[in-house]
There are 2 protein chains.
Amino acid sequence: MQHLADRYGHGPVQLAEIAGAQNIPAKFLTVILSELTRYGLVDSRRGRDGGYWLAIAPIDISYGDLIRIMRGSLALVPCASRFAHEKCKNCVEEGDCRTRALMLDVRDRTAQLLDGVRLSDRIELVPAFEAEGPVNDTGNDTGT
Amino acid sequence: MQHLADRYGHGPVQLAEIAGAQNIPAKFLTVILSELTRYGLVDSRRGRDGGYWLAIAPIDISYGDLIRIMRGSLALVPCASRFAHEKCKNCVEEGDCRTRALMLDVRDRTAQLLDGVRLSDRIELVPAFEAEGPVNDTGNDTGT
DNA sequence: CATATTGTCAACAAAATTGGTTGAGAATAG
DNA sequence: CTATTCTCAACCAATTTTGTTGACAATATG
């Protein structure tokens with residue numbers, strides 16, 4: 001999606017290009033892209049010079065929308081979804097569930113962040129984690 | 001865990017009691033409780049009048065800790081974990097990954113919330129979702 | 001029209017995860 | 001020594017994730 005957002009307005013992008021950029025098997029990507037197309041997020045054209053492009057301007061779609069469309073909800077548990085609400089199985093009464101109360105809060109915070117970021121936004125990149133250095137107790141015990 | 005927190009200081013709680021309260025097969029709960037015991041969150045005693053109790057005072061353990069101990073990390077994707085960091089497979093370079101940048105933010109927000117709530121805290125309960133009423137477009141389109 | 005190109009889609013399948021069961025112990029109290 | 005209660009490894013079944021296969025449909029070009 002981000003790849004398509006970057007190419008928005010520049011005509012169709014071909015499967016092979018996206019697959020290469022995303023390091024994912026081309027055939028598998030067809031499944032994903034076809035799904036996105038069915039969801040209406042992406043348009044496509046077949047044949048020579050065919051490909052995929054965003055059906056919606058990247059400024060008009062947030063990361064929150066994306067997750068809602070593709071995963072059904074931003075919530076971590078079904079009972080904490082605000083729209084696609086569903087009872088968790090084997091759970092206590094919802095009105096008495098402390099876990100649910102917390103998960104609703106987590107969902108709301110996540111939504112507040114992800115609904116504010118559009119596919120067109122320049123996202124502040126974070127440097128890669130320093131892995132397997134000679135010594136790695138560099139004082140950064142920032143939590144998990 | 002919440003059940004054990006409520007009973008903290010009142011001696012061992014037996015498997016059967018927790019299984020009943022949590023609506024979960026007793027035999028399955030043994031697996032979970034034994035795991036919690038191995039993780040050091042819970043202590044246990046066998047034999048008559050045996051049972052489980054919290055190894056740590058409920059005021060000294062946050063929901064964030066709980067999730068870190070049991071799931072390894074608060075992050076939704078391995079590369080967004082601050083402590084148990086791991087590369088996601090089939091992913092682009094971490095330093096270039098916008099998804100990771102967002103997921104790190106989500107993790108931080110989640111941590112800020114869950115690290116601030118202790119097992120001993122009285123959690124504001126949320127009324128159960130109104131399900132399957134006669135008409136349910138009650139104007140609450142609050143998002144998913 | 002023929003052909004090469006490129007997406008579509010249903011069906012299958014391997015691997016991992018989730019949710020759970022079984023059954024043989026081992027500790028503890030009485 | 002017996003009843004109670006937790007321990008733990010080894011399964012098992014269902015589901016989800018992560019793909020693969022192959023036949024087909026649309027499009028552009030010559």
Side-chain angles (χ1 to χ4, degrees), chain A residues 1 3-4 7 10-55 67 70-73 75-79 84 86-92 99 103, chain B residues 1 3-4 7 10-55 67 70-73 75-79 84 86-92 99 103:
Chain A
M1 289 296 284
H3 194 93
L4 289 178
R7 296 283 188 294
H10 293 78
V13 185
Q14 286 168 14
L15 187 75
E17 176 186 329
I18 306 176
Q22 298 298 113
N23 187 28
I24 187 179
K27 268 302 201 177
F28 184 38
L29 186 58
T30 66
V31 180
I32 297 166
L33 280 170
S34 296
E35 203 184 348
L36 289 168
T37 304
R38 273 196 305 277
Y39 285 154
L41 288 170
V42 165
D43 274 343
S44 64
R45 189 172 56 213
R46 318 187 204 191
R48 176 151 175 196
D49 301 322
Y52 302 88
W53 61 93
L54 284 189
I67 294 179
M70 298 190 54
R71 314 223 339 170
S73 166
L76 263 20
V77 289
C79 70
E86 215 171 316
K87 260 201 71 179
C88 303
K89 39 178 187 169
N90 302 337
C91 211
V92 301
T99 301
M103 292 301 102
Chain B
M1 289 293 288
H3 194 92
L4 289 179
R7 295 284 188 292
H10 293 77
V13 185
Q14 285 168 15
L15 188 75
E17 176 185 330
I18 307 176
Q22 297 299 114
N23 189 28
I24 186 179
K27 267 303 203 176
F28 183 39
L29 186 57
T30 65
V31 179
I32 297 167
L33 280 171
S34 297
E35 204 183 347
L36 289 169
T37 305
R38 274 197 303 279
Y39 286 154
L41 288 169
V42 165
D43 275 342
S44 64
R45 190 173 54 214
R46 317 189 204 191
R48 172 145 181 202
D49 300 323
Y52 302 87
W53 61 93
L54 284 189
I67 293 179
M70 298 190 55
R71 314 224 337 169
S73 167
L76 263 20
V77 289
C79 72
E86 215 172 316
K87 262 200 72 179
C88 304
K89 43 180 185 168
N90 303 338
C91 209
V92 301
T99 302
M103 291 301 100

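All figures in this text were calculated on a predicted structure; none of them were measured in a lab. Chain letters run A, B, ... following the sequence lines, proteins first and then strands; every chain starts at 1.
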Can you check the [X] [atom1] to [N] [atom2] distance for me, whole Å?
| X | N | atom1 | atom2 | result |
| --- | --- | --- | --- | --- |
| B/L15 | D/dC8 | CG | P | 14 Å |
| B/Q14 | C/dT28 | CD | P | 15 Å |
| A/Y39 | C/dT8 | OH | C1' | 16 Å |
| B/E17 | D/dT4 | CD | P | 18 Å |
| A/R48 | D/dA25 | CZ | C1' | 19 Å |
| A/D43 | C/dG7 | CG | P | 14 Å |
| B/E35 | D/dA9 | CD | P | 12 Å |
| B/I18 | D/dT5 | CD1 | P | 13 Å |

Would you list the atom pairs, donor with acceptor, under 3.5 Å between side chains in residues 45-55 of chain B and any protein atom, with sequence neighbours excluded?
{"from": "B/R45", "atom 1": "NH2", "to": "B/D49", "atom 2": "O", "distance (Å)": "3.4"}

Original post:
B/N23 versus A/V92: any side-chain heavy-atom pair under 4.5 Å?
Top reply: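 A side-chain contact under 4.5 Å is absent here.
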Original post:
Are B/I18 and B/L29 close enough that some pair of their side-chain heavy atoms sits under 4.5 Å apart?
Top reply: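 Yes, side chains in contact.
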Original post:
Which heavy atom of B/I67 sits nearest a heavy atom of B/S73, and at what distance?
Top reply: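 That would be CG2-O, 3.7 Å.
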Subject >> For A/A19 against A/A26, the heavy-atom pair lying closest together >> reply: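 Between these two residues, the closest heavy atoms are CB-CA, 3.8 Å.
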Distances under 3.5 Å between nitrogen or oxygen atoms of protein and nucleotides 12-21 of chain C:
{"from": "C/dG20", "atom 1": "OP1", "to": "A/N90", "atom 2": "ND2", "distance (Å)": "3.3"}

**OP:** Look at B/R38 and D/dC8 and indicate whether a side-chain polar atom (N or O) is within less than 4.0 Å of OP1 or OP2.
**Re:**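 It does, given that an N or O in the side chain of B/R38 lies less than 4.0 Å from OP1 or OP2 of D/dC8.
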Original post:
OP1 or OP2 of D/dT7 sitting under 4.0 Å from any side-chain N/O of B/S44?
Top reply: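 Affirmative; the distance criterion is met.
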Subject >> Given DNA chain D, 5'-ward residue of the pair A/T30 and A/D49, judged by closest heavy atom >> reply: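 Its nearest nucleotide lies further toward 5', so the answer is A/T30.
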Subject >> Full working for side-chain contact (heavy atoms from CB on, under 4.5 Å) between B/L41 and B/L36 >> reply: CA-CA 6 Å; B/L41 288 169; B/L36 289 169; 3.7 Å; yes
Subject >> Sugar-phosphate, base or nothing in reach of B/L33, heavy atoms under 4.0 Å >> reply: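 Contact class for B/L33: none.
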Original post:
Closest to the A/R46 side chain: C/dG7, C/dC9, C/dT5?
Top reply: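 Among C/dG7, C/dC9, C/dT5, the one nearest the side chain of A/R46 is C/dG7.
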Original post:
Is there a donor-acceptor pair under 3.5 Å between the side chain of B/T30 and the backbone N or O of B/K27?
Top reply: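 Judged by distance alone, yes, a pair lies under 3.5 Å.
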